[in-house]
Amino acid sequence: MTETNTVRIAILGLGTVGGGVYQLFQAQKDSLEAKTGLKAEIAAILVRDRTKAREGVDSALLTDNFDDILHDDTIDIVVEVMGGIEPARTYITESLTAGKNVVTANKDLMAVHGGELLDLAQEVGRDLLFEASVAGGIPIIRPMKQCLAGNRITEVMGIVNGTTNYILTQMDEAGMDFADALAMATELGYAEADPTADIEGYDAGRKLAILASIAFHSRVTFSDVYTEGISHVTAADIRYVRDMGSVIKLVATARETEKGIEASVQPMLLPAHHPLASVKDVFNAIFVHGDAVGDTMFYGRGAGRFPTASACMGDIIDVMRNIRFYCTGRIGCGCYRHVPIRPMEETEQRYFLRMQVLDRPGVLASIASVLGKYGVSIKRVAQKPTADDQAELVLITDQVKEKDFFKAVDKFKSMANMIREISSLIRVYE
Ligand code: NAP
Ligand code: HSE
């Protein structure tokens, strides 16, 4: 801080989010003193290329050398919005060690190294805030850590990836197939140039790891989350599911059960009346169940320049308030216990199974017999002729242990004389 009680802020990265933080800071600057009791100014901005034109940004603030920021003792807050694991992890570690507070939007980093970074922040008595790392502009981390602190949270469930939600909405409402909907998401700038992390569920998996760690006070990392993407979901699945009164969403769920934490990201059938079923396009929503509060839901824009900058700016203001009252590091890592992770194959699920079968007497009985052998009970069945000697069979099961269900599926794969193709296999939310 300067002698005039001005908090000095450095931004690492000036892309979509960094540019938004810079612009929002300029717009908010005059009200910061009234909100926090301290003035603030941007002291430096780290970029890779200082010579690149940056419209509306004072070029004197730009640096391509992190040491300029690290060794400037007047800088109190470092806002990391570069992304990726390295050098972000090193820069955050060095900033905290040097006594600076950190605000980050970096889910990739927090989902893997959040524990070690939060421990360090606690050790040095500084803030490490990361509201923007999950669901962009939606307030969820602070509400879970603070407002819901009096609850035992048993379940967190959400739609936390805008790109996939947009794709599934287009497939459902405009009848598009997956490839066309993805192309549309790319054209509109929702999907990244490489959309793998979005469509394979990794982006949502990282966000879920962060949410689950906070919800259950036990560290959950990205590798603990079972992830499955949406590229195998077809327009035919969506039509069937709609006829059955459900929708397909990429659902991130984490539950604490007596046998451990279950955490997964996967396409799922949700009943059309479930509150998450009506979350459309790029919107995100998170549903949290606490023992005292019951069900709560948080909804809004999960990505984008200003929604994400909004979350970063809220964190900056929080740090400024803590600096003013000499209480940085007030709310650190909440993981004070260790709950084991339950492997996916041990969990109980319900399934939607679509198969192409021969339309002959005895086929359905043989399929039912295999399911019965592995303890799979059928809740619903529908069959429709598709060609002269073929039919499409759609089954919805009752809850069954995942590994038992897959034993039945393996058996189906060996019944080529009756089952021509297993077209889809999607879990059903229960
Ligand atoms: P982006 O547009 O690609 O911007 C990244 C910025 O960081 C660029 O200005 C780049 O510099 C700079 N940078 C990257 N590596 C650097 C390095 N080694 N040294 C110096 N500068 C470096 O990314 P973004 O979309 O703003 O995302 C930033 C972070 O926010 C990520 O962690 C992301 O997951 C998170 N986030 C993003 C959103 C969203 O809607 N975009 C939402 C929530 C969270 P140059 O300009 O010189 O290339
Ligand atoms: N790629 C993410 C999404 C945005 O589509 O939701 C950044 O979290």
Side-chain angles (χ1 to χ4, degrees), residues 13 15-20 81 83-84 105-108 111 132-138 140 157-208 211 222 225 227-242 246-253 264-270 272 274-286 298-311 424 426-427:
T16 305
V17 181
V81 278
N106 195 330
K107 56 198 164 256
D108 302 34
S133 66
V134 178
I138 304 176
I140 184 63
M157 169 186 183
I159 292 173
V160 290
N161 183 269
T163 304
T164 45
N165 203 41
Y166 176 82
I167 291 171
L168 291 172
T169 306
Q170 289 305 310
M171 288 174 74
D172 188 13
E173 295 189 346
M176 283 187 186
D177 66 19
F178 173 79
D180 290 343
L182 172 60
M184 182 90 114
T186 307
E187 198 179 309
L188 289 168
Y190 300 148
E192 309 278 329
D194 174 4
T196 312
D198 290 321
I199 63 176
E200 294 305 334
Y202 307 149
D203 174 76
R206 290 173 182 127
K207 293 167 180 165
L208 185 69
L211 290 178
F222 175 53
V225 180
T227 52
E228 191 182 300
I230 62 162
S231 51
H232 61 83
V233 176
T234 66
D237 295 323
I238 289 183
R239 276 197 303 276
Y240 268 111
V241 164
R242 195 191 305 131
S246 294
V247 294
I248 299 177
K249 294 284 185 190
L250 185 71
V251 180
T253 24
S264 68
V265 169
Q266 54 189 315
M268 279 196 134
L269 267 68
L270 281 182
H274 190 283
L276 289 180
S278 54
V279 177
K280 296 192 178 170
D281 295 321
V282 282
F283 279 88
N284 284 194
I286 297 151
F298 302 81
Y299 172 84
R301 293 181 191 279
R305 190 177 185 83
F306 288 113
T308 312
S310 155
S424 305
I426 304 173
R427 293 178 191 83

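Only a predicted model underlies this, so the values are computations on that prediction, with no experimental measurement involved.
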Worked check of side chain to side chain contact (heavy atoms under 4.5 Å, CB included) between K249 and H274 = CA-CA 11 Å; K249 294 284 185 190; H274 190 283; over 6 Å; no
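- In this structure, G201 and V265 approach most closely via the heavy-atom pair O-CG1, 3.8 Å.
- Heavy atoms only, all atoms of each residue included: R427 and Q266 are closest at NH1-OE1, 2.6 Å.
- The line from CD1 of I159 to NZ of K207 is 12.0 Å long, rounded to the nearest 0.5 Å.
- When the side-chain contact (heavy atoms from CB on, under 4.5 Å) test is applied to T186, the partners found at least two apart in sequence or on another chain are L182, A191.
- Residues that satisfy the side chain to side chain donor-acceptor pair (under 3.5 Å) test with Q170, not counting sequence neighbours, are absent from this structure.
- Each side-chain hydrogen bond (donor to acceptor under 3.5 Å, both in side chains) pair with one or both residues in residues 298-309, not counting sequence neighbours, appears once here: Q23-R305.
- Distance check, rounded to the nearest 0.5 Å: CD1 of I248 to OG1 of T169 gives 12.0 Å.
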Less than 3.5 Å apart, which donor and acceptor atoms pair up between the side chains of residues 277-285 and the rest of the protein, not counting sequence neighbours?
from : atom 1 : to   : atom 2 : distance (Å)
S278 : OG     : P275 : O      : 3.1
K280 : NZ     : E173 : OE2    : 2.8
N284 : ND2    : V282 : O      : 3.4

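- Counting all heavy atoms, side chain and backbone alike, A132 lies closest to A105 at CB-CB, 3.7 Å.
- Considering CD of E187 and CG of D180, their distance stands at 11.0 Å, rounded to 0.5 Å.
- Heavy-atom minimum distance, Y202 versus F222: O-CE1, 3.5 Å.
- Rounding to the nearest 0.5 Å gives a distance of 5.0 Å between CG of L276 and CE of M157.
- With sequence neighbours excluded, no residue forms a side chain to side chain donor-acceptor pair (under 3.5 Å) with T227.
- Using a 4.5 Å cut-off on side-chain heavy atoms (C-beta onward), H232 and P267 make contact.
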Chi angles and distances behind the side chain to side chain contact (heavy atoms under 4.5 Å, CB included) call for F178, V233 = CA-CA 7 Å; F178 173 79; V233 176; over 6 Å; no
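- Note that CD1 of I238 is 5.5 Å distant from CG of L168, once rounded to the nearest 0.5 Å.
- The side chain to side chain donor-acceptor pair (under 3.5 Å) test applied to R242 returns D172, not counting sequence neighbours.
- Rounding to the nearest 0.5 angstrom, the gap separating the CD atom in E200 from the CG atom in N161 is 11.5 Å.
- Residues V160 and L208 have side chains not in contact (no heavy-atom distance under 4.5 Å, counting atoms from C-beta outward).
- Taking all atoms of both residues into account, the shortest heavy-atom contact from A185 to I167 is CB-CG1, 4.2 Å.
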